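Working notes for the structure below.
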Amino acid sequence: MTLKGMGGKELAFHILLYSLCAVIFLVIMYPLYFIVIASFSDSTLVSTGKVLLFPKGSSLFGYKEIFQDSRVWTGYRNTLFYTLFGTLVNMLFTMPAAYVLSRKEFKARRPIMFLFVVTMFFNGGLIPTYLLMKDLHITNTFWVFILPFCVNIFYLIIARTFFETALPAELHEAAVMDGCSHFMFFAKVALPLSKALISVIGLYYLVGHWNDFFTGLIYIRDNNLQPLQIVLRDILLSNQVFQNGAGTGGGAASGGYAQRYADQIKYGVIIVSSLPILMLYPFLQKYFEKGVMIGSVKG
């Protein structure tokens, strides 16, 4: 139905609805837009509230310092490795486990699922967990980002529910009659039919790894193994620009210039650290319409 064919009340409702959606969109998007223009603007003008819609005192000093600093590139390299390898391991553990727990012929699935769910509500705490990681000799290694938390129970439940509801029992029975084992059915039937599930859960795991700074903060002491988020955190919380950049080792003039653009560098780091995830989302967006209702009650 077009707007011309609507009645007065219905037309007013649609106008109100579109206006409300536009306001919500602006409220969500403006902080992101402000970070972008602030990364190009003079920090003094930003702090005094003179930068609202357009950048002022434009300069690429912040991005220049970011791309010249070795810590950022080291953090980028580490985070990229932790994210890609960690997500791969997450999916290798989560998807088979979810499929096995979805099979009704697996008699022990309910006790095992109960033990999994218990871990969502109870854990040993930070100190016992740290002592365990230390005894396993994975502290201060990249394995601490990969192995200890390789399965998220909430995502496991979603995947298990998907396999139970989206894959008809008749499909498995037909595959068994053709001589298909559980391994073949999982690899050649279940996974190809689970692209939406894989995309959604994979993106959740990926974003979790990309934003993870607590693991590096607690378990990593080697600066060469620190993820990008630790570098970002150090820059945002400390009042220094970079360890070897202008403003820490230069003269008074260069130091004042660097301090003047300190916020510009901070905003620039936020953009640099967030851009890969923002660029990845549009390629997976088509799966979210199917994946957003995964695990929900079907009517």
Side-chain angles (χ1 to χ4, degrees), residues 69-101 112-113 115-160 183 186-187 191 194 197-238 243 269 272-277 279-281 284:
D69 191 272
S70 60
R71 290 190 307 159
V72 172
W73 292 112
T74 301
Y76 236 126
R77 180 199 64 196
N78 294 337
T79 296
L80 193 61
F81 172 75
Y82 301 150
T83 299
L84 296 179
F85 186 49
T87 302
L88 176 62
V89 172
N90 291 143
M91 300 305 292
L92 287 177
F93 278 89
T94 302
M95 299 302 292
Y99 173 76
V100 171
L101 292 172
I112 293 177
M113 198 65 221
L115 295 177
F116 281 153
V117 172
V118 168
T119 64
M120 297 179 64
F121 302 98
F122 305 99
N123 61 73
L126 179 58
I127 295 177
T129 302
Y130 179 84
L131 294 176
L132 175 63
M133 301 304 169
K134 187 176 180 181
D135 291 340
L136 293 174
H137 305 290
I138 60 176
T139 57
N140 213 33
T141 67
F142 73 90
W143 289 110
V144 76
F145 290 93
I146 309 298
L147 295 180
F149 315 103
C150 59
V151 175
N152 184 297
I153 305 302
F154 180 71
Y155 301 155
L156 176 65
I157 294 174
I158 293 177
R160 186 206 62 170
F183 292 101
F186 173 71
L191 287 182
S194 307
L197 173 74
I198 295 173
S199 300
V200 173
I201 294 182
L203 182 61
Y204 288 160
Y205 272 129
L206 189 141
V207 172
H209 281 292
W210 188 269
N211 291 330
D212 182 23
F213 75 94
F214 186 76
T215 302
L217 183 67
I218 299 299
Y219 301 108
I220 300 297
R221 292 295 175 264
D222 187 353
N223 291 331
N224 293 324
L225 294 175
Q226 292 288 10
L228 180 63
Q229 301 304 329
I230 292 294
V231 178
L232 174 61
R233 173 184 176 275
D234 292 341
I235 294 173
L236 292 178
L237 297 184
S238 65
Q243 187 174 8
V269 170
V272 170
S273 64
S274 304
L275 192 60
I277 297 298
M279 293 177 62
L280 179 64
Y281 178 77
L284 300 177

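This structure is a prediction, so every number in the text was calculated from the model and none was measured.
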* First locate atom CZ of F145, then atom CZ of F85, and finally report the distance between them rounded to the nearest 0.5 Å. => 13.5 Å

* **Distance-minimising heavy-atom pair for T74 and N224** => CG2-O, 3.8 Å

* Structure fact -> In short, V72 meets V231 closest at the heavy-atom pair CG2-CG1, 4.3 Å

* How close do N152 and F154 get, heavy atom to heavy atom, and via which atoms? -> OD1-N, 2.9 Å

Side chains of residues 89-98: which donor-acceptor partners sit under 3.5 Å, not counting sequence neighbours?
from	atom 1	to	atom 2	distance (Å)
N90	OD1	H209	NE2	2.6
N90	ND2	C150	O	2.6
T94	OG1	N90	O	2.7
T94	OG1	Y205	OH	2.8

* Structure fact -> Here the gap from L88 atom CG to L206 atom CG, rounded to the nearest 0.5 Å, amounts to 11.5 Å

Let me check something: any side-chain donor-acceptor pairs from residues 127-136 under 3.5 Å, sequence neighbours excluded? List them with distances.
from	atom 1	to	atom 2	distance (Å)
T129	OG1	G125	O	2.6

* Structure fact -> Value for CG (D212) from CZ (F149), rounded to nearest 0.5 Å, stands at 8.5 Å

* Structure fact -> Minimal heavy-atom distance between I138 and V144, with the atoms involved, is O-CB, 3.3 Å

* Structure fact -> When every non-hydrogen atom of L126 is compared with those of I218, the smallest separation belongs to CD1-CG2, 4.2 Å

* Give the intermediate values and the outcome of side chain to side chain contact (heavy atoms under 4.5 Å, CB included) for residues F142 and I220. => CA-CA 9 Å; F142 73 90; I220 300 297; over 6 Å; no

* To do: For Q226 and R221, indicate whether the former's side chain and the latter's backbone hold a donor-acceptor pair under 3.5 Å.
  => no

* Asked: Is there side-chain contact between P148 and W143, with heavy atoms separated by less than 4.5 Å?
  -> no

* Take L80 and W210 through the side chain to side chain contact (heavy atoms under 4.5 Å, CB included) test and state the conclusion after the steps. => CA-CA 8 Å; L80 193 61; W210 188 269; 4.2 Å; yes

* **Gap separating the CG atom of L115 from the CD1 atom of I153, nearest 0.5 angstrom** => 10.0 Å

* In Å, rounded to the nearest 0.5 Å, how long is the span from CD1 of I157 to CZ of F116? -> 10.0 Å

* Would you list the pairs meeting side chain to side chain donor-acceptor pair (under 3.5 Å) in which at least one residue belongs to residues 78-89, sequence neighbours left out? => none

* Of the non-hydrogen atoms in F213 and I230, which two are nearest, and what is the gap between them? -> O-CD1, 3.2 Å

